[in-house]
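Written below as structure tokens is the structure these notes are about.
Lettering follows sequence order; numbering is per chain, from 1.
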Protein chains: 2
Amino acid sequence: MNVAKDSAAPHPRLSNEDRREQIMQAASVVFAERGYAGGTTDAVAKQAGISQAYVVRMFGSKEQLFVEVAKRAADRVAAGFRSAIAEFAGNETAHEKQAILGKVYADLVADRGILLVLMHLFTMGHDPTFGPNSRECFLRIYRLVRDDAGMGPGEATQFMAQGMLVNTLLAMRIPDVLDEQPDAAELFDYCTGAQTDGILEMYWRPNGA
Amino acid sequence: MNVAKDSAAPHPRLSNEDRREQIMQAASVVFAERGYAGGTTDAVAKQAGISQAYVVRMFGSKEQLFVEVAKRAADRVAAGFRSAIAEFAGNETAHEKQAILGKVYADLVADRGILLVLMHLFTMGHDPTFGPNSRECFLRIYRLVRDDAGMGPGEATQFMAQGMLVNTLLAMRIPDVLDEQPDAAELFDYCTGAQTDGILEMYWRPNGA
DNA sequence: CGCTGTAGTAATCAGTTGATTACAACTATT
DNA sequence: AATAGTTGTAATCAACTGATTACTACAGCG
């Protein structure tokens with residue numbers, strides 16, 4: 001039996017796998033708020049409660065860490081969509097499909113890490129490393145919506161457009177000024193449609209789900 | 001009469017006003033590609049061909065410089081829309097208005113500075129300085145489209161959504177992979193509609209207009 | 001117990017960065 | 001021509017940052 005170290009032990013000593021996951025979660029928070037250039041490996045380390053040296057050694061470089069964090073964010077969106085699509089009855093209209101996937105997306109981006117890390121990735125299309133990555137992530141989601149969900153290219157495009165507007169509004173923290181800015185409330189309402197209340201409910205929590 | 005200094009003079013010695021404009025143009029290029037945190041005042045200075053110290057002293061701080069650059073980007077979008085709206089005949093359908101303003105927007109974001117600086121601004125909604133600024137800039141455009149252009153809230157929202165998707169596709173440099181990625185070509189085509197060719201034509205030039 | 005691999009850190013380093021200061025060069029006014 | 005204001009820079013600084021190295025501590029295995 002282990003000695004009693006279950007409560008607030010100074011060094012829980014995680015496995016490689018668990019620690020990786022923990023660092024990526026911390027990096028997601030840090031990169032989301034500060035961007036790639038502004039997110040320091042030291043901030044990630046502090047967020048994870050470990051040393052800065054360990055963060056760098058675990059992923060080789062800050063660049064590689066960001067790539068993996070961004071990739072995982074896209075993975076989660078894809079997984080969320082796939083699992084929702086798997087439960088389609090098959091007779092939904094394109095509009096109904098949009099509503100279902102829209103709700104799933106609202107759940108996903110309640111995690112500001114997913115939301116903002118992807119947005120930061122998209123703004124680095126010029127970068128030799130991040131650029132190809134960003135295009136691949138985005139097109140993967142597009143294909144999922146168009147093919148697996150079975151929307152036409154037009155409907156899929158419109159769905160992606162609405163998603164990008166939701167991204168922007170949430171990134172800007174529009175929900176913070178809903179009370180004092182009637183126009184913001186109107187725009188947010190028209191954009192999120194039936195999901196408005198659900199999104200707002202999740203928005204005020206520390207993290208989604 | 002001035003002495004002959006019109007050809008490649010080492011120090012043209014600009015007026016305060018002209019120099020400000022030149023620095024902001026340089027900063028627009030630098031911040032666009034590197035983001036706020038990644039864009040150094042030294043890179044701005046080199047882009048403008050002056051010393052780093054002068055960049056900082058002219059604007060007080062890097063933060064203030066970014067605020068002014070972002071504000072000017074939003075101003076240009078607003079001015080472009082306003083001048084197009086001023087030429088409305090008054091009997092356009094909402095769809096026609098969207099097409100006209102869409103074309104104007106395509107012209108504007110051919111300048112990657114405008115496009116990306118605004119996107120970077122939008123991702124900093126949490127920042128006490130940039131946050132209020134980003135919301136104000138965005139809502140200003142929304143009101144312009146909804147009120148001055150006379151679209152309803154629904155049409156205006158849809159127009160903004162399409163704009164955010166165009167932003168994302170251009171930021172990711174989707175046009176760079178149009179040939180090897182058929183899905184990218186399809187998405188871009190459906191998104192830009194009648195303006196596809198016009199946008200691409202401008203995309204390959206050093207700068208818009 | 002000794003050995004080996006793994007988790008984790010402290011210390012350090014070279015390069016960068018925003019900002020400040022003091023100073024030089026030019027221009028206009030009187 | 002002396003004065004004063006403006007344009008612009010070189011030099012410098014303290015703080016920061018990603019990465020490397022050498023080290024410690026612990027766990028499993030024979």
Side-chain angles (χ1 to χ4, degrees), chain A residues 1-6 8-27 30-31 33-69 120 124 127 129-130, chain B residues 1-6 8-27 30-31 33-69 120 124 127 129-130:
Chain A
M1 297 82 173
N2 286 336
V3 285
K5 63 176 181 183
D6 47 16
H11 293 294
R13 212 143 203 287
L14 303 183
S15 72
N16 189 309
E17 211 174 347
D18 287 348
R19 190 62 87 184
R20 260 185 101 82
E21 188 58 30
Q22 186 205 15
I23 294 176
M24 286 179 74
Q25 174 57 37
V30 170
F31 284 136
E33 293 294 90
R34 308 200 199 179
Y36 171 67
T40 67
T41 55
D42 191 59
V44 173
K46 279 186 171 59
Q47 179 80 19
I50 57 177
S51 71
Q52 178 260 344
Y54 199 23
V55 171
V56 172
R57 216 190 43 182
M58 177 81 84
F59 289 87
S61 70
K62 174 179 159 177
E63 187 182 58
Q64 189 58 31
L65 171 60
F66 185 84
V67 167
E68 299 204 24
V69 168
H120 287 303
M124 294 192 288
D127 185 276
T129 298
F130 302 130
Chain B
M1 298 83 175
N2 286 338
V3 283
K5 63 175 180 182
D6 48 14
H11 293 294
R13 214 144 202 291
L14 302 182
S15 71
N16 189 308
E17 211 174 346
D18 288 346
R19 190 61 89 183
R20 261 185 98 82
E21 187 60 29
Q22 185 206 16
I23 294 177
M24 287 179 73
Q25 173 57 36
V30 170
F31 284 136
E33 294 293 270
R34 308 200 199 179
Y36 171 67
T40 67
T41 55
D42 191 58
V44 173
K46 280 185 171 59
Q47 178 79 18
I50 58 176
S51 71
Q52 178 260 344
Y54 199 23
V55 171
V56 173
R57 214 191 42 184
M58 178 80 84
F59 289 87
S61 71
K62 174 179 158 177
E63 188 182 56
Q64 190 57 30
L65 171 60
F66 185 83
V67 167
E68 298 205 24
V69 168
H120 287 303
M124 294 193 288
D127 185 275
T129 300
F130 302 129

Review item, nucleotides 16-23 of chain C N/O atoms under 3.5 Å of protein N/O:
unit_1: C:dG18; atom_1: OP1; unit_2: B:Lys62; atom_2: NZ; d: 2.9
unit_1: C:dG18; atom_1: OP2; unit_2: B:Thr41; atom_2: N; d: 2.9
unit_1: C:dG18; atom_1: OP2; unit_2: B:Thr41; atom_2: OG1; d: 3.0
unit_1: C:dG18; atom_1: N7; unit_2: B:Gln52; atom_2: NE2; d: 3.4
unit_1: C:dA19; atom_1: OP2; unit_2: B:Lys62; atom_2: N; d: 2.9
unit_1: C:dA19; atom_1: N7; unit_2: B:Gln52; atom_2: NE2; d: 2.9
unit_1: C:dA19; atom_1: N6; unit_2: B:Gln52; atom_2: OE1; d: 2.9

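The stretch residues 51-61 of chain A participates, sequence neighbours left out, in these side chain to side chain donor-acceptor pair (under 3.5 Å) pairs: A:Thr41-A:Gln52.
In this structure, A:Lys62 contributes its side chain and A:Tyr36 its backbone to a donor-acceptor pair below 3.5 Å. Judged purely by atom type and a 3.5 angstrom limit, B:Gln22 uses its side chain to pair as donor or acceptor with the backbone of B:Ala48.
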Evaluation steps, side-chain contact (heavy atoms from CB on, under 4.5 Å), between B:Phe130 and B:His120: CA-CA 10 Å; B:Phe130 302 129; B:His120 287 303; over 6 Å; no

Stepwise side-chain contact (heavy atoms from CB on, under 4.5 Å) test for B:Phe31 and B:Leu65: CA-CA 10 Å; B:Phe31 284 136; B:Leu65 171 60; 4.0 Å; yes

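For the pair A:Phe59 CZ and D:dA19 C1', the interatomic distance rounds to 16 Å; values are reported in whole Å. Taking atom OH on B:Tyr54 and atom C1' on C:dA25, their separation rounds to 13 Å, with Å as the unit. Rounded to whole Å, atom C1' of D:dG18 lies 12 Å from atom CG of A:Leu65. Computed from coordinates, the A:Leu14 CG to D:dA27 P distance equals 13 Å when rounded to whole Å. Between B:Met58 atom CE and D:dT6 atom P the separation is 13 Å, expressed in whole Å. The distance from atom CD1 of A:Ile23 to atom C1' of D:dG18 is 15 Å, rounded to the nearest whole Å. Look at CD on A:Gln64: it is 16 Å from P on D:dG18, rounded to the nearest Å. B:Ile50 has its CD1 atom 18 Å from the P atom of C:dC26, to the nearest Å.
Between B:Arg19 and D:dG8, a side-chain N or O to OP1/OP2 separation shorter than 4.0 Å is present. Distances shown here put a side-chain N or O of A:Asn16 below 4.0 Å from the OP1 or OP2 atom of C:dA7.
The nearest pair of heavy atoms linking A:Ala26 to A:Val44 is CB-O, 3.7 Å. The minimum heavy-atom distance linking B:Val55 with B:Ile50 is given by the pair CG2-CD1, 3.9 Å.
Listed nucleotides: D:dT9, D:dT6, D:dA25. Nearest to the side chain of B:Arg13: D:dT6.
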